[in-house]
Visitor: 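Dropping the structure in here first, questions after.
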4 protein chains.
Amino acid sequence: MSKREENKGKKQTAILAAALTVFSQKGYAASKIIDIARAANVGKGTIYEYHRSKEDLFFALFQWYVERIGGEAAAQPMEGNAEERLRLFFSATLSAFYEEIDTFGVFLEFWAAAGNPATRDRFRSAMLSMYDQFRTLVADLVDEGRATGIFTKDTDAVSVAAGLVGAMDGMMLQAWMDRKFDLLTVSEHFLDTLISGMTPHDQRKPIHDN
Amino acid sequence: MSKREENKGKKQTAILAAALTVFSQKGYAASKIIDIARAANVGKGTIYEYHRSKEDLFFALFQWYVERIGGEAAAQPMEGNAEERLRLFFSATLSAFYEEIDTFGVFLEFWAAAGNPATRDRFRSAMLSMYDQFRTLVADLVDEGRATGIFTKDTDAVSVAAGLVGAMDGMMLQAWMDRKFDLLTVSEHFLDTLISGMTPHDQRKPIHDN
Amino acid sequence: MSKREENKGKKQTAILAAALTVFSQKGYAASKIIDIARAANVGKGTIYEYHRSKEDLFFALFQWYVERIGGEAAAQPMEGNAEERLRLFFSATLSAFYEEIDTFGVFLEFWAAAGNPATRDRFRSAMLSMYDQFRTLVADLVDEGRATGIFTKDTDAVSVAAGLVGAMDGMMLQAWMDRKFDLLTVSEHFLDTLISGMTPHDQRKPIHDN
Amino acid sequence: MSKREENKGKKQTAILAAALTVFSQKGYAASKIIDIARAANVGKGTIYEYHRSKEDLFFALFQWYVERIGGEAAAQPMEGNAEERLRLFFSATLSAFYEEIDTFGVFLEFWAAAGNPATRDRFRSAMLSMYDQFRTLVADLVDEGRATGIFTKDTDAVSVAAGLVGAMDGMMLQAWMDRKFDLLTVSEHFLDTLISGMTPHDQRKPIHDN
DNA sequence: TATGAATGAGCGTTCATTCAT
DNA sequence: AATGAATGAACGCTCATTCAT
């Protein structure tokens, strides 16, 4: 790879990283291209060498972000039973959130873009497939638990998956708005209760304390 | 109330209603004052007789919206036991969502405003108190259930409340993005499982089917 | 007419007049909206209250310009025979040119716009109808002269009209580029020769002098 | 000439030819250096190896264009009398126009450049000398005709030359804008009439119809 | 009180030009 | 010599806000 090509790759990453920071901090509309350029240490025109427009940059950032999240989710360990892996997925996702709490704001912007007629189309379909991926991952774990008998047959895997993914989003939102919100503890207790609701009577262990 | 004051009140409401529609459809940044003025059937200047700036109008809308939601939530019936009232609150909230699905988009904008440094301060505190209200409402119901013995002492009311409120937000989001998402069924099954997890063993009823 | 409406009309004219000056001096591309705004003593935004875009303003100017020219051409006197009126039309047009020589440059821009794919459509058709009007005016005079016997039947009215209109354009161009070019004298001699070519032998008067 | 120099010459020509095409199609302002580079099959930077700036390239193109035209005009045959050679010059020029009608648009741009304060100086003087050359060529033919008695002494050679050159420009303009305009026929009839006006009575032949 | 014509700060985007490779 | 990645000055256009009517 020539020096030129190498630089090009680096710059592309620098721009996306800068965009992530700036969009997260100020939101899409209030972020100016010049802000992103400065944060990326490139000229304003350079942004346009890599992205046709501000909106295109934003969408590219979305894809980049989603790919990373998807990659992390797919990288879940294969050991342990369904319940253990469900707990792991849950806590790993929330930990990842804490590590990147500063960039969570951009997610609200992605959602908003998925609702805005001007940007809806591309964002919505990408967003839907991301949610599908997450719900399927959870639903598969629940189904596995039902098959192995650690979760009751009464459990509706798809609904639990949707609710759990939704709860994660919803709690992250609360934690993001209120830094005093103790996400890790709260979410663990919540998951305890939910799992208790999926566990057959004879296998239930009491949940001690809170 | 004089006729003049009455008119003023009507116009004020018309402006807020128009703002709700327009902001919901296009998002805050893409909404123009002229759009709102036209939707409210008033002149552009009139908006500024009632609100000092676009951001002020947006915040006024937020308060108006939150008051309505809070009022609906507070208007929950007092009959039935804790579980029944929890289910009622849950389904009433989600039904209200379906009735106003077109204006849900504005909520994303409120969230985004709560994250944007330029608007953060007023939005965030109002948002926090709204979430507090909802969580307290749910937590009180759970605590009542624990006191009356229909929920186990193991249950952590605060965590369940936070998770449940979060799950509602999260599922509404999924439903809003994907009109094929069957929110009512999914959420009911999810709540079944969660309540099952709070119910003492000896009182559990099996959840039949699907 | 209210004061407001009155002002609106005045401003519209001021903008067009300013556009004429600026476009004439600098050409379309080099003219900035702010230049025109300043020349018209209005704010930059005001231009856009009256014209959707720079190109629209330019086209509006074209129409305004053409209307005036067409009006002048149509206002030719009705007295005298065909030859006299042909000479009058010719000298009146060239005199008008001299009075507005500073704005002739804009005409080159109109022509260029009629050739530019981006603007071609509207400009070309308007330009064609303007030329049609002029050629028809001249051709009618020539035909009248043929009918009354002061011009020979050999004369092809349409060709002479096209050539004469073309010669006027072409000579104005030369005069505009070279202020030493003696348009009035040259054009008169040229017209003498042409008219001589249309005059039957037995009616010809010698052209005296240089 | 070394191979290197030869290549350089070829590239120079390729750039000018590409510039001619692009400027003709889009006009000066709307033509981008990258368009010309691509049309010439060279890199963007290469243009700047041969021309200091876009305007310089445009001026170089002008000179190249004018040289070719001047060359063609100077290459007129020496046989025949003044009238025959005048007719030949006339039809040869118009034929050349038809062959290159696609690049006539660039001529409007040259004219415009001669009027634009930013570019006026160099373009205007070159343009003037070009017109001088043409007018002199025609005037010399007319003077020759006067000397040999086929044109009347009354004829003002300079005026006829200016008018004829102007008429050629003006008619080409009309033909260029309106592809239905029958330039060859029209211009021939027009020249017939003009020549008739220069011909002594006793030598006149009737012009038979059109 | 209500209006909308007028305004100009502000920003996305373009593109001629430069210069490291 | 040839290239094209990088740059930033420059400009068209938008729209929140003002204020004369």
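Note: hydrogens, waters and symmetry copies are ignored here, and every other heavy atom, side chains too, is used. In what follows, chains are A, B, ... by sequence order, proteins preceding strands, each numbered from 1. Since we're looking at a predicted model, the values are computed, not measured.
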Visitor: Just how far, in rounded Å, is C1' of E/dG8 from CG of C/Asp35?
Guide: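 Distance, rounded to whole Å: 16 Å.
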Visitor: Any side-chain heavy atom of A/Gln25 sitting closer than 4.5 Å to one from A/Asp35?
Guide: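 Result no, sub-4.5 Å side-chain heavy-atom pair not found.
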Visitor: Please list, in numerical order, the residues of residues 40-57 of chain C that have a heavy atom closer than 4.0 Å to any atom of DNA chain F.
Guide: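 Those residues are C/Lys44, C/Tyr48, C/Ser53, C/Lys54.
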Visitor: Given the ring of B/Trp176, does A/Arg120 sit roughly above its face, with NZ or CZ under 6.0 Å from the centre of the six-membered ring and within 45° of the axis?
Guide: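 Pair A/Arg120/B/Trp176 does not count as cation-pi.
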Visitor: Whole Å only: how far is the CD1 atom of D/Ile34 from the P atom of E/dT17?
Guide: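 To the nearest whole Å, that distance equals 14 Å.
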Visitor: For DNA chain F, write out the stems as range with range, using runs of 3 or more consecutive Watson-Crick or G-U pairs with both distances under 3.5 Å.
Guide: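 Stems for DNA chain F, defined as runs of 3 or more consecutive pairs: E:2-21 with F:2-21.
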Visitor: Just how far, in rounded Å, is P of F/dA5 from NZ of A/Lys10?
Guide: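 It is 17 Å, rounded to the nearest whole Å.
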Visitor: Whole angstrom is fine here: how far is it from CZ in B/Arg38 over to C1' in E/dT3?
Guide: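 For the pair B/Arg38 CZ and E/dT3 C1', the rounded distance is 14 Å.
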Visitor: Within the 4.5 Å heavy-atom criterion, are C/Phe59 and C/Asp56 side-chain neighbours or not?
Guide: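 With C-beta onward as the side chain, the pair stays apart.
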Visitor: Between A/Val106 and A/Thr21, is there a side-chain heavy-atom distance shorter than 4.5 Å?
Guide: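 They are not in contact (no side-chain heavy atoms under 4.5 Å apart), so the answer is no.
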Visitor: Kindly indicate whether the side chain of D/Tyr28, heavy atoms from C-beta on, has any atom under 4.5 Å from the side chain of D/Thr119.
Guide: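 Not in contact.
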Visitor: What integer distance in Å separates C/Ile36:CD1 from F/dC13:P?
Guide: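 Computing the C/Ile36:CD1 to F/dC13:P distance gives 11 Å.
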Visitor: Would you say that A/Glu109 contacts A/Phe23 through its side chain, given a criterion of any heavy-atom pair below 4.5 Å between the two side chains?
Guide: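 Of all side-chain heavy-atom pairs linking A/Phe23 with A/Glu109, none is under 4.5 Å.
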Visitor: Determine the interplanar angle of the A/Phe107 and A/Phe104 rings, folded into 0 to 90°, and report it as parallel if under 30°, tilted if 30 to 60°, perpendicular if over 60°.
Guide: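 Parallel: the ring planes of A/Phe107 and A/Phe104 meet at under 30°.
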Visitor: Whole Å only: how far is the NZ atom of A/Lys32 from the C1' atom of E/dG12?
Guide: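 Nearest whole value for this atom pair: 12 Å.
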Visitor: Taking C/Ser31's backbone N and O only, do any of them form a donor-acceptor pair with C/Lys54's side chain (distance below 3.5 Å, no angle check)?
Guide: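 Here the side-chain-to-backbone pair exists.
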Visitor: In whole angstrom, what separates D/Ile33's CD1 from F/dT3's P?
Guide: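 So the CD1-P distance, D/Ile33 to F/dT3, works out to 14 Å.
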